[in-house]
Amino acid sequence: MSSSDSTTSLKPDTKLAHSGRNPHGFHGFVNPPVVHASTVLYPDVETMVTGGQTYSYARRGNPTTDSLEEALKEMEGAAGAKIANSGLNAVALAILSCVKAGDHILIADTAYGPTRHFADTVLPRTGVAVEYYDPSLGSNIKTLFRDETTAVFTEAPGSLSFEMQDIPAIAAAAHEIGATVLMDNTWASPLYCQPIALGVDLSIQAGTKYIVGHSDAMLGTIAASDRAWEGLHELCGAMGAHVAPDDIFLGLRGLRTLSVRLERHQRNTLEVIDWLKDQDQVAGIRYPALESDPGHEIWKRDFSGASGLFAFDFSDGTSKEQNFRFLNALTLFGLGYSWGGFESLAIPVRLKGMRTATPFDEGLQSVRLHIGLEDPEDLIRDLAQAFESAFA
């Protein structure tokens with residue numbers, strides 16, 4: 001099953017198993033071949049000069065690339081999809097595909113740190129003006145529009161703060177002035193949120209995280225709506241964007257088990273959170289799937305599930321030294337900046353300078369956890385001994 005018509009009406013789990021595959025096109029093998037190539041040969045010069053065959057040069061795609069892009073297109077409900085060599089690269093390509101010198105872009109104040117670094121260092125060199133906005137604005141984002149505003153970059157939930165945004169309201173307002181709407185959807189993946197159905201034009205994933213799912217490859221993905229596809233396709237071609245076939249294969253392999261892994265991540269996370277919220281040292285938990293979370297109603301409306309990434313705030317009076325002692329005492333949680341793999345991870349969080357709907361003290365001590373596929377009872381025991389070590 002490989003055509004878009006044959007998978008359009010299927011449920012998400014079935015799409016994950018079948019999209020982008022054409023066994024009968026490859027001698028019956030279930031998975032597509034991993035094509036290592038650069039040069040593509042033509043049968044004759046007439047075919048060469050008229051472009052009369054599917055592949056012209058490996059930088060423009062091959063059967064391995066096409067398999068993942070087709071699967072992502074189906075999962076995202078998109079007009080087309082492109083693959084990048086990292087999540088940040090996907091962010092950069094998506095933004096560059098819809099802005100030009102003299103334009104103004106609005107970016108959520110709680111966006112991923114490297115996204116902000118790209119916006120602060122690269123975009124000004126291209127003559128693009130960058131402005132950060134309060135993610136709680138919703139449709140009131142229109143008050144920030146200028147004549148030259150051409151793009152609005154969203155992220156839900158926000159990195160570190162886990163702030164939710166009213167994506168449909170922002171998209172509707174942006175489309176009134178013809179602006180392109182982008183969304184970093186890495187936290188939920190295309191399984192638990194379909195940004196294009198919410199009005200987004202460019203849906204971005206750090207495929208390194210849940211799509212690959214095994215901490216063994218870097219990957220980024222961009223899915224485009226009808227109005228954004230031509231610009232994205234042209235930009236990626238002009239920039240020579242290309243990902244090695246082995247990494248694409250790992251993305252395809254991970255995609256097939258995305259549903260069962262996310263289900264386990266979510267179940268484990270809720271069990272860990274249920275324990276955490278009763279600890280005296282925990283003042284609050286940032287996870288929009290919780291009914292107590294300020295963004296819960298938006299999450300419930302726009303998302304069908306939650307992932308394994310969240311943050312918790314220590315109680316008032318907790319020092320940075322205690323925060324670090326807690327982290328250093330963990331044995332099952334690795335200290336690492338990525339997430340989305342099978343393993344649990346932890347990092348310290350600083351929310352300084354971010355505008356959020358829920359104010360926080362500048363001295364707040366927080367930790368971000370990614371809950372992996374381990375037994376949650378073991379993870380809870382590890383957290384308990386880390387609390388004891390930090391607060392004894």
Side-chain angles (χ1 to χ4, degrees), residues 157-164 187-189 192 209-210 213 215 259-297 299-300 303-351 356 358 360-361 363-392:
S159 287
L160 304 183
S161 71
F162 295 90
E163 183 98 351
M164 290 301 297
W187 182 84
S189 87
Y192 285 165
K209 311 300 196 282
Y210 286 121
S215 302
S259 180
V260 292
R261 287 186 289 105
L262 274 178
E263 182 181 348
R264 179 66 177 271
H265 282 296
Q266 180 177 233
R267 187 170 76 239
N268 285 0
T269 299
L270 290 171
E271 190 167 335
V272 169
I273 286 177
D274 191 55
W275 177 84
L276 270 175
K277 65 187 181 183
D278 293 331
Q279 305 310 301
D280 293 338
Q281 303 94 338
V282 175
I285 296 173
R286 301 172 184 271
Y287 190 63
L290 296 179
E291 290 187 7
S292 59
D293 190 274
H296 179 71
E297 290 304 315
W299 171 83
K300 188 167 64 173
F303 290 64
S304 60
S307 68
L309 194 72
F310 70 97
F312 72 85
D313 306 326
F314 284 108
S315 55
D316 290 344
T318 300
S319 67
K320 183 173 73 173
E321 290 72 26
Q322 286 174 307
N323 189 344
F324 284 13
R325 283 207 301 271
F326 170 85
L327 290 165
N328 285 331
L330 293 169
T331 60
L332 295 179
F333 289 80
L335 302 180
Y337 282 108
S338 192
W339 46 275
F342 54 84
E343 78 283 22
S344 292
L345 297 168
I347 63 168
V349 169
R350 288 193 68 202
L351 296 171
T356 65
T358 51
F360 55 88
D361 187 281
L364 181 69
Q365 294 296 317
S366 301
V367 166
R368 190 187 76 183
L369 297 178
H370 177 254
I371 304 301
L373 303 180
E374 303 95 337
D375 190 299
E377 291 186 9
D378 290 329
L379 296 177
I380 288 169
R381 278 194 293 269
D382 192 29
L383 291 167
Q385 65 83 23
F387 278 119
E388 184 177 354
S389 176
F391 292 92

Who passes salt bridge (charged side-chain N to carboxylate O under 4.0 Å, His left out) against E263, sequence neighbours left out? none
Do F326 and Q281 have side chains that approach each other closer than 4.5 Å (heavy atoms only, starting at C-beta)? no
Do the side chain of R368 and the main chain of L345 share a donor and acceptor less than 3.5 angstrom apart? no
Work out which heavy atom in F162 is nearest to a heavy atom in L309; give both atom names and the distance. CE2-O, 3.4 Å
Correct closest heavy-atom pair for E374 and S344 would be OE1-OG, 2.7 Å
Who are the side-chain contact (heavy atoms from CB on, under 4.5 Å) partners of S338, not counting sequence neighbours? T208, K209
For L335, check side-chain contact (heavy atoms from CB on, under 4.5 Å) against everything at least two apart and list the hits. L327, N328, A346
Please examine the side chains of L369 and L383, heavy atoms only from C-beta on, and report whether any two atoms are closer than 4.5 Å. yes
Indicate the atoms forming the closest heavy-atom contact of L262 with S307, along with that distance. CD2-CB, 4.2 Å
According to the interplanar angle, ranging from 0 to 90°, do the rings of F312 and F387 count as parallel (below 30°), tilted (30 to 60°) or perpendicular (above 60°)? tilted
Just so I know, are the side chains of I347 and F333 near enough to count as touching, which here means a heavy-atom distance under 4.5 Å? no
D378: partners by salt bridge (charged side-chain N to carboxylate O under 4.0 Å, His left out), with sequence neighbours left out: R381
Spacing of OH belonging to Y192 relative to OG belonging to S259, to within rounding of 0.5 Å: 6.0 Å
Not counting sequence neighbours, which residues clear salt bridge (charged side-chain N to carboxylate O under 4.0 Å, His left out) with R325? List them please. none
Which atom names give the shortest non-hydrogen contact between I371 and H265, and what distance separates them? O-ND1, 2.8 Å
Which atom names give the shortest non-hydrogen contact between S315 and A283, and what distance separates them? CA-CB, 3.7 Å
side-chain hydrogen bond (donor to acceptor under 3.5 Å, both in side chains) against H370, all qualifying residues, sequence neighbours excluded: Y210
Any sub-3.5 Å donor-acceptor pair from D382's side-chain atoms to L332's backbone N or O? yes
Do the side chain of E343 and the main chain of G372 share a donor and acceptor less than 3.5 angstrom apart? no
Shortest non-hydrogen contact from F324 toward P348: CE1-CB, 4.1 Å
Are the side chain of N268 and the backbone of P376 linked by a donor-acceptor contact shorter than 3.5 Å? no
Any donor-acceptor pair under 3.5 Å from W299 side chain to M164 backbone: no
Among all residues two or more places apart in sequence or in another chain, which pass the ring pair (Phe, Tyr, Trp, His ring centres under 6.0 Å) test with F391? F314
Across all chains, not counting sequence neighbours, the side-chain hydrogen bond (donor to acceptor under 3.5 Å, both in side chains) partners of T318 are none
Output a table of donor-acceptor pairs, distance under 3.5 Å, between side-chain atoms of residues 271-279 and any protein atom two or more places apart or on a different chain; print 'none' if there are none.
{"residue": "D274", "atom": "OD1", "partner": "K277", "partner atom": "NZ", "Å": "3.3"}
{"residue": "Q279", "atom": "NE2", "partner": "W275", "partner atom": "O", "Å": "2.9"}

Residue list, side-chain hydrogen bond (donor to acceptor under 3.5 Å, both in side chains) with E388, at least two apart or on another chain: none
Can you pull the salt bridge (Lys or Arg N to Asp or Glu O under 4.0 Å) pairs that have at least one residue in residues 306-318, sequence neighbours excluded? R286-D313
OH (Y287) and OG1 (T269) are apart, to the nearest 0.5 Å, by 4.5 Å
Holding to side-chain hydrogen bond (donor to acceptor under 3.5 Å, both in side chains), I want the full list of residues that pass it with D293, two or more places apart in sequence or in another chain. none
